[in-house]
Protein chains: 2
Amino acid sequence: MTEAVGRDPEAVSAFVEHFAAQLVEAGVPRMPARVFAALLASDTGTLTSAELAGQLRISPAAVSGAVRYLAQVHLISREREPGSRRERYRVHSDQWYEALTSREAIIKRWEAALSEGVARLGPESPAGRRLAETLDFFEFIEKDVAGMMERWRAYRDRKYG
Amino acid sequence: MTEAVGRDPEAVSAFVEHFAAQLVEAGVPRMPARVFAALLASDTGTLTSAELAGQLRISPAAVSGAVRYLAQVHLISREREPGSRRERYRVHSDQWYEALTSREAIIKRWEAALSEGVARLGPESPAGRRLAETLDFFEFIEKDVAGMMERWRAYRDRKYG
DNA sequence: CGCGTCTTTCACAAATTTGTGAAGTTACCG
DNA sequence: CGGTAACTTCACAAATTTGTGAAAGACGCG
């Protein structure tokens, strides 16, 4: 066993389950949420599949599924330990919140749907106008979020070096 | 039947189902998503329970459940038509995106969980530091989002009067 | 090149979620 | 004050999702 479990397994587990529960409420599937929280609470920010299975008391299959999900939405990356078929999963400690908050791909699809709606309903109809304004909002947000992340990085660099 | 169905029911329905599908993918339960999309695509921005049930081909019970959900997360408001037991549901056309994007309550709970995690794991441990920085991020975001909404309103007022 | 370990895939059982019909409640209207 | 239209609650059936064990697949190592 590596340092992964941390000094006080009880404390780690308490945090992992509690934080995961919040993510679940926000719409994240349960296993991915637990895996993600476990990674976040690990000292190195990385854990192997076996460590995750042991710590969370779930089957390797469940780890596999959760990890695939998290990688797909770019919340973690998978790296192969050289000289082993062991895989290491890592939180993108500097980027993961962007994935959680901006969700660019999803917004893009919203925009596409709205845009089509404007065309279908007619840009001059009251409903069409409402949709157009909504679309406008998302386009605005999308640009502004980029700036916000910029500001965050500046703030963080100043504070944490 | 009021103007609720719009000029081309086919077009309205196509948009409603398509947009709702995108919301569902983002984690919104199906019925609330459909009801919300229908309201968004209505000319007045309001529909009655009966209109929703008819247009979406769902039972009054389903409308009731969806509407309760949407009201709880402040995506719609319910108003009583004076002199009728009919209820009218309305999209908060100026505010609904804030509810969708900032999700303040959820972030608050994330912050609480993170804060507790920092305490439990120790602010000086590597994991504790990671959690602390994450918490910091959310606090930053929370403040900045307020500013972003401000900028949106200014932009919108200029453009739409 | 084949052994052993780690990971993924697959089919299924369990648990959860979803939407419905029907009964129950509320409150307008005569 | 009933009658009744409109909404809500409740219990349940259907559908979906979730996590598992078992088997198959990948791949480093000897």
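Per chain, numbering begins at 1; letters A, B, ... match sequence-line order. What you see below is based on every heavy atom in this structure, not just the backbone, and it leaves out hydrogens, waters and symmetry mates.
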Problem - Nearest-Å distance for atom pair CZ/P, residues Arg88(B) and dC7(D) - result: 10 Å
Completion exercise
For Arg57(A), the salt bridge (Lys or Arg N to Asp or Glu O under 4.0 Å) test, sequence neighbours excluded, returns none
Which residues pass the side-chain hydrogen bond (donor to acceptor under 3.5 Å, both in side chains) test with [X], not counting sequence neighbours?
X: His92(A); value: Ser77(A)
X: Ser49(B); value: none
X: Ser13(A); value: none

Polar atom pairs between nucleotides 27-29 of chain D and protein, under 3.5 Å, N or O only, would you list them?
from, atom 1, to, atom 2, distance (Å)
dC29(D), OP1, Gly83(A), O, 3.1

Practice task
For Arg34(B), answer base if it contacts any base atom (sugar-phosphate contacts may also be present), sugar-phosphate if it contacts only those atoms, and nothing otherwise; contact means non-hydrogen atoms under 4.0 Å.
Solution key: nothing
Fill in the blank from the handout: In short, salt bridge (Lys or Arg N to Asp or Glu O under 4.0 Å) pairs touching residues 9-19 of chain B with sequence neighbours left out are Glu17(B)-Arg34(B)
Practice task
Can you sort out the partners of Tyr89(A) under ring-ring contact (aromatic ring centres under 6.0 Å, His included), two or more places apart, ordered by chain and number?
Solution key: none
Handout entry: Selection residues 135-147 of chain A - residue pairs positive for side-chain hydrogen bond (donor to acceptor under 3.5 Å, both in side chains), sequence neighbours left out
Key = Lys108(A)-Glu142(A), Asp136(A)-Tyr155(B), Asp136(A)-Lys159(B), Asp136(A)-Tyr160(B), Asp144(A)-Arg151(B)
Table please: side-chain donor-acceptor pairs of residues 64-72 of chain B below 3.5 Å, with sequence neighbours left out.
none

Handout entry: Range on DNA chain C touched by chain B, heavy atoms, distance below 4.0 Å
Key = dG19(C) to dC29(C)
Handout entry: Under the side chain to side chain contact (heavy atoms under 4.5 Å, CB included) test, residues paired with Ala61(B) that sit two or more places apart
Key = Ser59(B)
Exercise for the section: Check whether any side-chain heavy atom of Arg80(A) lies under 4.5 Å from a side-chain heavy atom of Arg88(A), and answer yes or no. Expected result: no
Exercise for the section: Tell me which residues in residues 59-71 of chain A put a heavy atom below 4.0 Å from DNA chain D, sorted by number, or none. Expected result: Ser59(A), Ala61(A), Ala62(A)
